[in-house]
Number of protein chains: 2
Amino acid sequence: MTSLERVTILGTGLIGTSIGLALRRHGIRVALEDRDASAVETAVRLEAGTVLTDDIPPADLVVVCVPPANVGQVLASGQRRALGRYYTDVASVKKAIIESALRSGCDLSTYVPGHPMSGSERSGPIAARAELFVDRTCTFCPTSSTLPTALDCALACSQLVGAIPCVIDTDAHDRATALMSHTPHLVASALAALFADSDSVTLSLIGRGLLDVTRIAAGNPVLWTEILTLNAYAVADVVDVVATDLAAAAAELRVLSDGIDRSTKKVVDLLVRGNNGIANFVIILNGRLRMSMVKPEVVS
Amino acid sequence: MTSLERVTILGTGLIGTSIGLALRRHGIRVALEDRDASAVETAVRLEAGTVLTDDIPPADLVVVCVPPANVGQVLASGQRRALGRYYTDVASVKKAIIESALRSGCDLSTYVPGHPMSGSERSGPIAARAELFVDRTCTFCPTSSTLPTALDCALACSQLVGAIPCVIDTDAHDRATALMSHTPHLVASALAALFADSDSVTLSLIGRGLLDVTRIAAGNPVLWTEILTLNAYAVADVVDVVATDLAAAAAELRVLSDGIDRSTKKVVDLLVRGNNGIANFVIILNGRLRMSMVKPEVVS
């Protein structure tokens with residue numbers, strides 16, 4: 001049984017504050033720190049934990065919840081300050097983060113690279129919710145240096161916040177998030193960008209479909225450029241597939257419309273493959289529904 | 001005051017049946033016809049109207065709710081059968097439909113090309129809802145031949161079902177739906193298609209963001225190929241913009257990641273333009289919210 005009594009959260013944005021809120025429900029002592037004093041103040045007022053002070057004993061787990069480009073540095077500093085026994089983070093890229101942790105001189109044995117798959121287009125502590133992670137996958141990518149006890153501790157924490165933990169290879173994780181999150185973000189942005197200079201007549205015609213397709217494009221552009229750059233090759237490969245499929249569909253539409261050649265089937269094939277993707281999602285969602293009806297006991 | 005006592009609906013799928021349900025709430029006599037007997041039966045059972053028979057007098061308005069490629073033919077046949085005084089349709093492309101109506105020998109003076117902007121990824125009469133059109137824009141593209149009284153009649157019908165009517169030029173309509181509906185459908189399909197052959201581990205990581213972005217890709221591929229082909233040039237132009245933006249973003253990500261050149265700003269600019277598009281949507285939605293709080297009287 002992994003003991004989890006004290007958790008320290010570095011970075012009290014949406015994710016950090018939500019973790020604090022979820023852990024407080026289980027009576028875990030949560031200490032909070034952020035370079036933005038008002039963010040910590042808000043998180044404390046929401047009862048996500050108390051301010052981290054020097055007299056607080058080292059935590060069982062330190063969760064680094066800062067923007068991806070700062071994780072290596074903040075982790076290294078946390079380890080130098082001996083803030084806890086084990087460490088994890090929440091960034092949606094893992095290979096680049098592990099490399100940056102190495103460059104920053106971190107001790108990889110106590111560090112469990114992590115990623116709760118529960119983003120939101122909202123941000124900041126004020127958007128935090130204790131339920132943010134419930135029934136969402138939380139992936140961990142332990143390195144060859146990661147201590148098994150560190151992994152156990154991170155797994156226990158993810159289960160306490162209601163997530164479904166999943167251990168996955170670093171490259172597989174980064175490819176999966178390129179598919180699941182990073183490419184959809186860029187594609188949604190490219191669609192929403194079509195309306196950056198639209199007149200009010202055009203805008204008056206918008207419906208729910210377009211709003212749903214573009215919703216995630218509301219994310220912070222600087223943070224997202226950072227995320228996309230840290231996972232550049234995996235994202236670029238997937239984005240190229242989408243761009244190529246779309247360009248081919250556009251070319252075929254012109255040909256179909258002219259009635260020159262009705263033998264090519266790229267558009268209908270793309271739509272059928274889209275249907276098949278959606279059908280796969282439905283299978284997974286139905287599975288989750290069944291799982292949530294027969295809730296397994298938390299094993300840690 | 002336009003009198004609207006009898007409406008005949010040709011095609012009892014999602015849209016036709018929903019119109020019937022909405023009109024029945026106002027006591028309008030609704031007659032229904034579909035080449036699929038079971039679709040009519042379902043629509044009648046849902047109380048969207050009664051079966052169209054020879055002894056029913058001509059309607060004030062006939063609403064053609066069949067797939068876009070069949071509108072011209074069904075409209076021509078309805079006019080030959082003298083089913084009503086005025087006619088409208090609900091297809092999401094207008095220029096190609098008007099041309100097809102002309103080719104089918106329709107009388108354009110009694111025909112008001114229409115398009116309620118209230119699609120759904122669901123289909124068939126069983127998915128119908130009387131509220132489908134409430135506070136949604138319903139566009140009309142009268143031709144130079146359209147009688148003003150015909151337009152008045154179609155406007156009155158759209159207001160009865162709760163929609164916000166809007167008269168718009170045919171080309172502007174087709175460009176707007178290419179932007180608002182047709183391109184998002186193709187883009188959502190290209191994203192969902194990435195998961196057509198995914199393994200269960202990858203699929204287990206899906207979250208709400210991806211589900212929202214891809215939801216509309218569940219539409220019928222054959223029907224959607226037809227719609228996209230009928231609006232081919234307008235759609236292809238917009239899809240090319242998206243494909244070009246995405247390809248450029250992918251190329252820049254590789255360069256940014258290699259640290260070769262940090263001076264280009266295509267990715268962050270695309271994300272900022274995406275933010276601006278979303279900001280425009282929010283302005284429109286807030287406007288609609290205000291409108292729905294101070295409901296104007298229906299003027300017809």
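These figures come from a predicted structure and were not determined experimentally. The chains referred to below are lettered A, B, ... by the order of the sequence lines, with proteins before strands, and numbering in each begins at 1.
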With chain B, the option among A/His173, A/Arg208, A/Met117 that has the most non-hydrogen atom pairs under 4.5 Å is A/Arg208
Can you tell if the side chain of B/Ile216 reaches within under 4.5 Å of the side chain of A/Asp212, non-hydrogen atoms only?
no
Any chance you could measure B/Ser204, atom OG, to A/Ile164, atom CD1, to the nearest 0.5 Å?
8.5 Å
If you compare all heavy atoms of A/Met180 against all heavy atoms of B/Thr202, which two are closest, and at what distance to 0.1 Å?
CE-O, 2.7 Å
Interface check, chain A: of B/Leu203, B/Val272, B/Leu270, B/Asp245, most non-hydrogen pairs under 4.5 Å belong to B/Leu203
Less than 4.5 Å apart, any side-chain heavy atom of B/Val213 and any of A/His185?
no
Leading residue by heavy atom contact count with chain A [cutoff under 4.5 Å; candidates B/Asn220, B/Asn231, B/Asp237]:
B/Asp237
Between A/Arg175 and chain B, which part of the residue has a heavy atom less than 4.5 Å away: side chain, backbone, both or neither?
neither
What part of A/Ser189 gets closer than 4.5 Å to chain B, counting heavy atoms only: side chain, backbone, both or neither?
both
In the structure I gave you, are the side-chain heavy atoms of A/His182 and B/Leu253 within less than 4.5 Å of one another anywhere?
no
Any idea which of A/Thr225, A/Ile206, A/Val239 has the most non-hydrogen atom pairs under 4.5 angstrom with chain B?
A/Ile206
Need one label for A/Val201: side chain, backbone, both or neither, based on atoms under 4.5 Å from any heavy atom in chain B.
side chain
In terms of heavy-atom pairs under 4.5 Å with chain B, which of A/Ala192, A/Pro221, A/Ser200 leads?
A/Pro221
Heavy-atom nearest pair, B/Ala232 first then A/Arg254, reads CB-N, 4.4 Å
Of all of A/Asn276, A/Leu194, A/Leu230, A/Thr177, which one pairs up most often with chain B through heavy atoms under 4.5 Å apart?
A/Leu194
Rounded at 0.5 Å granularity, tell me how far CZ in A/Phe195 sits from CG in B/Asn280.
10.0 Å
Quick check: do B/Arg273 and A/Asp197 have side-chain heavy atoms less than 4.5 Å from each other?
no
Identify the two heavy atoms, one from A/Ala250 and one from B/Asp240, that lie closest to each other, and give their separation to 0.1 Å.
CB-OD1, 3.4 Å
Would a 4.5 Å heavy-atom cut-off, applied to side chains only, mark B/Leu211 and A/Leu285 as touching?
yes
Non-hydrogen atoms of chain A under 4.5 Å away: do they reach the side chain of B/Thr139, the backbone, both or neither?
side chain
Could you check whether any side-chain heavy atom of A/Leu271 comes within less than 4.5 Å of a side-chain heavy atom of B/Leu228, counting everything from C-beta outward?
yes
Among A/Val242, A/Leu210, A/Val241, residue most engaged with chain B (heavy-atom pairs, under 4.5 Å)
A/Leu210
Contact summary for A/Leu246 and B/Ala243, nearest pair of heavy atoms
CB-CB, 4.0 Å
Based on non-hydrogen pairs under 4.5 Å, which of A/Gly219, A/Ala190, A/Ala188 is most in contact with chain B?
A/Ala190
Gap separating the OG1 atom of B/Thr214 from the CG atom of A/Asn275, nearest 0.5 angstrom:
11.0 Å
Ranked by heavy-atom pairs below 4.5 Å to chain A, first place among B/Ala176, B/Gly209, B/Ala218, B/Cys166 goes to B/Ala218
For a 4.5 angstrom cut-off between non-hydrogen side-chain atoms, does A/Thr229 reach B/Val267?
no
Can you say whether A/Val187 sits under 4.5 Å from chain B via the side chain, the backbone, both, or neither, judging by heavy atoms?
both
Should A/Leu205 and B/Ile168 count as side-chain neighbours, where that means a heavy-atom distance under 4.5 Å?
yes
Verify the neighbour count for atom CD of B/Gln73: are there more than 12 heavy atoms of other residues, nucleotides or ligands below 6.0 Å?
no
Which atoms of B/Thr137 come close to chain A, meaning under 4.5 Å heavy atom to heavy atom: side chain ones, backbone ones, both, or neither?
side chain
